[in-house]
2 protein chains.
Amino acid sequence: MRGRNEGMGPWWHGRFRGCGYRITAGRDAILDVLTRANKHLSAEDIYLKVHSIYPAIGLTSVYRTLEILADMGLVLKFDFGDGRARYELAEGSKSSHHHHLVCTGCNRVIDYTDFIDEEVELLKRTEKGLSDKYNFRITNHLIQFYGLCDKCAKKKGGE
Amino acid sequence: MRGRNEGMGPWWHGRFRGCGYRITAGRDAILDVLTRANKHLSAEDIYLKVHSIYPAIGLTSVYRTLEILADMGLVLKFDFGDGRARYELAEGSKSSHHHHLVCTGCNRVIDYTDFIDEEVELLKRTEKGLSDKYNFRITNHLIQFYGLCDKCAKKKGGE
DNA sequence: CTCATTATTGGAAATGGTTCCCATTATCAA
DNA sequence: TTGATAATGGGAACCATTTCCAATAATGAG
């Protein structure tokens, strides 16, 4: 039952301290929500969930913390085209590496893990090539497919 | 000098008419700017450029036209993370298919065409698989790499 | 443990890209 | 030419995200 880190707090405390950031109740709560969530959440989603655990939280702090987390690479920030950013914990906890399939009709997002291995393998090679050629330190990649889900295809696409 | 379509107007008139849209001076000017541009432009960039050709244009019309163009697949809309969307003509005119390398430090964007063939080949296969499995009609894909360009890497990344 | 330093906070206001509204104008088919 | 109506543009509305700042809380030193 007990993990290997009893007495030393959650896994991310070390990361935070290592970067000179303080541990606060708000940040604890945000990380808690993110760890629990298995979907990509908007800042407001996160704010609401955190608020029910820790009502003193402010939306501003949510944004600030998410920015820090994204900078540290603990959180990935996505844009699915509906005007608000989505956040999800970078792989490590529950979530495995996946990419997104976005319906441009209803904004539904499907996480897929199929083909991921092949994709990641190619991406690694491409990353290497690009890093060398353009002298970039690549830290991340984004792959998304856009299209219409079955429902939206029926509505719009003829028939 | 003369193209093969003298007398019948620009290439996109047909596409527009085919979709039931009217041809207007503003739309002409917007397409003109987009065709000329070889970079991804923001809506405001486009507005300013069009404004110098056709001062009567309004920003609202630029947004409206871009949305139509994106829906028709003539224009691709990108988010590079700086809070404003970028648009570029889908391949066909000058531009060849490319992907983007985005510097998270200074927001510089590099278009690259290296590795594209391999990537596109894999993407095609993946698209096929995803379409079948999730019953999606995939119309588009997005690949971007994020990282720090040489300059930003020097500033931030130690040294 | 206490204190001082200073990062962090939350609320309200500001920002800024994008969309909405609507009276006016322009396109296009007949 | 004309009528139906799509398209326009300007300003206001919208809304996610940032900024500002005085109050608060986390941390390290003593």
Side-chain angles (χ1 to χ4, degrees), chain A residues 8-10 12-31 40-72 75 77-87 104 107, chain B residues 8-10 12-31 40-72 75 77-87 104 107:
Chain A
M8 47 186 295
W12 57 273
H13 280 194
R15 294 288 295 269
F16 253 59
R17 277 197 247 270
C19 294
Y21 292 116
R22 293 182 179 175
I23 312 296
T24 70
R27 289 173 176 175
D28 263 332
I30 291 170
L31 265 294
H40 27 255
L41 302 172
S42 70
E44 193 181 0
D45 291 337
I46 295 168
Y47 168 74
L48 290 175
K49 283 178 187 289
V50 170
H51 191 269
S52 70
I53 303 175
Y54 177 69
I57 195 74
L59 184 54
T60 305
S61 292
V62 172
Y63 276 107
R64 268 186 304 232
T65 302
L66 288 172
E67 189 185 356
I68 289 174
L69 290 170
D71 278 349
M72 296 199 308
V75 151
K77 183 178 181 180
F78 292 99
D79 166 53
F80 296 141
D82 66 344
R84 67 188 64 189
R86 306 302 169 117
Y87 302 84
T104 54
N107 280 317
Chain B
M8 47 184 295
W12 57 272
H13 279 193
R15 293 287 294 270
F16 252 59
R17 277 196 250 271
C19 294
Y21 292 117
R22 293 182 178 173
I23 312 296
T24 70
R27 289 175 175 173
D28 263 332
I30 290 170
L31 265 295
H40 27 257
L41 302 173
S42 69
E44 194 181 1
D45 290 337
I46 295 167
Y47 168 73
L48 290 175
K49 283 177 187 290
V50 170
H51 191 268
S52 70
I53 303 175
Y54 178 68
I57 195 74
L59 184 53
T60 306
S61 292
V62 172
Y63 276 107
R64 268 185 305 233
T65 302
L66 288 172
E67 189 185 356
I68 289 174
L69 291 170
D71 278 348
M72 295 200 307
V75 150
K77 183 179 180 180
F78 292 98
D79 166 54
F80 296 141
D82 66 343
R84 68 188 61 188
R86 306 303 169 115
Y87 303 84
T104 54
N107 281 315

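Quick note on labels: first sequence line is chain A, next is B, and so on, each numbered from 1. Just the heavy atoms: all of them, side chains too, but no hydrogens, waters or symmetry mates, feed the values below.
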**Item:** Inter-residue atom distance A/I46.CD1 - A/T65.OG1, 0.5 Å rounding
**Value:**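 The distance works out to 10.0 Å.
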Write down the distance between [atom1] ([X]) and [atom2] ([N]), rounded to a whole number of angstrom.
| X | N | atom1 | atom2 | value |
| --- | --- | --- | --- | --- |
| B/R84 | D/dT17 | CZ | C1' | 14 Å |
| A/I68 | D/dA26 | CD1 | C1' | 14 Å |
| A/Y63 | D/dC20 | OH | P | 18 Å |
| B/F16 | D/dA6 | CZ | P | 15 Å |
| B/D82 | D/dA16 | CG | P | 19 Å |
| A/R27 | D/dT24 | CZ | P | 19 Å |
| A/I23 | D/dA26 | CD1 | C1' | 10 Å |
| A/E44 | D/dC14 | CD | C1' | 14 Å |

**Asked** Within a strict 4.5 Å, meaning less than it, do heavy atoms of the A/K77 and A/V75 side chains meet?
**Response**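 A/K77 vs A/V75: side chains apart.
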**Prompt:** Between A/W12 and A/I23, is any pair of side-chain heavy atoms under 4.5 Å apart?
**Reply:**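 In short, these two side chains touch, coming nearer than 4.5 Å.
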**Message:** I'd like the 5' and 3' limits of the part of DNA chain C contacted by chain A, with heavy-atom contacts below 4.0 Å.
**Reply:**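 Here the contact window of chain A covers C/dT6 to C/dA12.
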**Asked** With a 4.0 Å cut-off on heavy atoms, is A/T24 in touch with a base, just the backbone sugar-phosphate, or nothing at all?
**Response**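 Since only primed, P, OP1 and OP2 atoms lie under 4.0 Å of A/T24, the category is sugar-phosphate.
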**Asked** Under 4.0 angstrom, heavy atoms only, what part of the nucleic acid is A/R22 near: base, sugar-phosphate, or nothing?
**Response**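 Base contact - A/R22 has a heavy atom under 4.0 Å of at least one base atom.
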**Item:** Of B/G26 and B/T60, the one whose closest DNA chain D nucleotide lies more 5'
**Value:**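 It is B/G26 whose nearest nucleotide is closer to the 5' end.
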**Message:** So does A/I68 get a backbone contact from the side chain of A/D71, meaning a donor-acceptor N/O pair under 3.5 Å?
**Reply:**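 A pair under 3.5 Å: no.
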**Message:** With a 3.5 Å distance limit and no angle check, can you tell me whether A/D28 reaches the backbone of A/A25 through a side-chain donor-acceptor pair?
**Reply:**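 No, because the side chain of A/D28 does not come within donor-acceptor range (under 3.5 Å) of the backbone of A/A25.
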**Message:** Just N and O in the side chain of B/R64: are any of them under 4.0 Å from OP1 or OP2 of D/dA6?
**Reply:**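 No, B/R64 has no side-chain N/O under 4.0 Å of OP1/OP2 on D/dA6.
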**Request:** Assign each of B/R86 and A/P55 to its nearest nucleotide of DNA chain C by heavy atoms, then name whichever residue's nucleotide is nearer the 5' end.
**Result:**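 Residue closer to the 5' terminus by nearest nucleotide: A/P55.
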**Asked** Do the ring planes of B/Y21 and B/F16 sit parallel (below 30°), tilted (30 to 60°) or perpendicular (above 60°)?
**Response**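 The rings of B/Y21 and B/F16 sit tilted, inter-plane angle from 30° to 60°.
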**Message:** Exactly one of A/I57, A/L66, A/L41 should register a side chain to side chain contact (heavy atoms under 4.5 Å, CB included) with A/Y47. Which one does?
**Reply:**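 Checked A/I57, A/L66, A/L41 against A/Y47; only one passes side chain to side chain contact (heavy atoms under 4.5 Å, CB included): A/I57.
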